[in-house]
Amino acid sequence: ATSVSPRHLADGSSFALEPIVLSQCEGKRIDRLRIEVKGPGMTARPRAMRRFLRLQEGKHFQHKIWASDLQSMRNLGFFKQLQTQVQRMDERGCELVLKVHENWSILPIIGYQGGSVRIIIAGAASGDFLGSMSEVAAYYMRRDRYNLVRAWANIPNLLLSRSLLEVQLV
């Protein structure tokens, strides 16, 4: 990944733009690491994503470890794009920005059971890489002349962290 950083010209009167290649940070101390998330906003939380990165602020940048961590994150399937930019590099170290673009992670829920009791189930579920699952679904059941409809929604962390909002209609 290449980034652009302002530099003074020799006469000191203006700025020129020079690209900074990520590999130039090799061995330099990471002064600041920022994570910017774009997309549906349902999966990635910057604080949680830091747990997947072995290189943090204060550690020395190693391209091989960084590439391995980003590949592990890509393998989760929740991210459309992971891009690293170098915002600054000087004698103190480097400042990195990890730009994350999320994928949608909605899975369909579809089911049918025949026989004396017919059941149709439909809905959608969305999971994030921390293992919490949101779902909205309903089922219709018919037995003889009786009809039953049940709809539900389970949404974790909506109001507070570690909370679960569950709504059911029968």
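Nothing here was measured: the structure is a model prediction, and the numbers come from that model. Hydrogens, waters and symmetry mates play no part in the numbers below; they use all other heavy atoms, side chains included.
For the pair Glu26 and His63, the tightest heavy-atom approach, listed with the atom from each and the gap, is OE1-N, 2.9 Å. Closest approach of Ile35 and Pro46 over heavy atoms only: CD1-O, 3.7 Å. Between Ala137 and Ile109, the closest heavy-atom pair is CB-CD1, 4.3 Å. Minimum heavy-atom separation, Val136 to Ala153: CG2-CB, 4.1 Å. Nearest heavy-atom pair, Arg54 versus Ser68, reported as atom, atom and distance to 0.1 Å: NH2-OG, 3.2 Å.
Side-chain contact check for Tyr112 versus Arg118: some heavy-atom pair is nearer than 4.5 Å. Residues Trp66 and Leu53 have side chains in contact (heavy-atom distance under 4.5 Å, counting atoms from C-beta outward). Two residues are said to be in side-chain contact when any heavy atoms from C-beta on lie closer than 4.5 Å; Arg32 and Glu57 meet this criterion. Looking only at side-chain heavy atoms (C-beta outward), Leu55 and Leu96 stay at 4.5 Å or farther from each other.
The environment of Arg142 atom CZ is dense: over 12 non-hydrogen atoms of other residues, nucleotides or ligands sit within 6.0 angstrom. Around OH of Tyr146, the count of heavy atoms belonging to other residues, nucleotides or ligands within 6.0 Å does not exceed 12.
The hydrophobic clustering, which links ILVMFWY residues whose side-chain heavy atoms are closer than 4.5 Å, places Val97 and Val21 apart.
Here Tyr140 contributes atom OH and Asn147 contributes atom CG; the two are 3.5 Å apart, rounded to the nearest 0.5 Å. The distance from the SG atom of Cys25 to the CZ atom of Arg88 is 9.5 Å, given to the nearest 0.5 Å. Distance check, rounded to the nearest 0.5 Å: CG of Leu98 to CZ of Phe79 gives 9.0 Å. Between the SG atom of Cys94 and the CZ atom of Arg29 there is a distance of 10.0 Å, given to the nearest 0.5 Å. Taken from NZ in Lys38 to NZ in Lys99, the straight-line distance is 5.5 Å, to the nearest 0.5 Å. Put simply, CE on Met89 and NZ on Lys28 are 5.5 Å apart, with the number rounded to the nearest 0.5 Å.
Looking at Glu135, its side chain never comes within 3.5 Å of a backbone N or O of Gly123 through a donor-acceptor pair. Under a 3.5 Å cut-off, the side chain of Arg50 and the backbone N or O of Leu33 do form a donor-acceptor pair.
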Going through the checks in order, is the salt bridge (charged side-chain N to carboxylate O under 4.0 Å, His left out) test met by Arg34 and Glu36? CA-CA 7 Å; Arg34 224 179 37 213; Glu36 296 176 358; 3.0 Å; yes
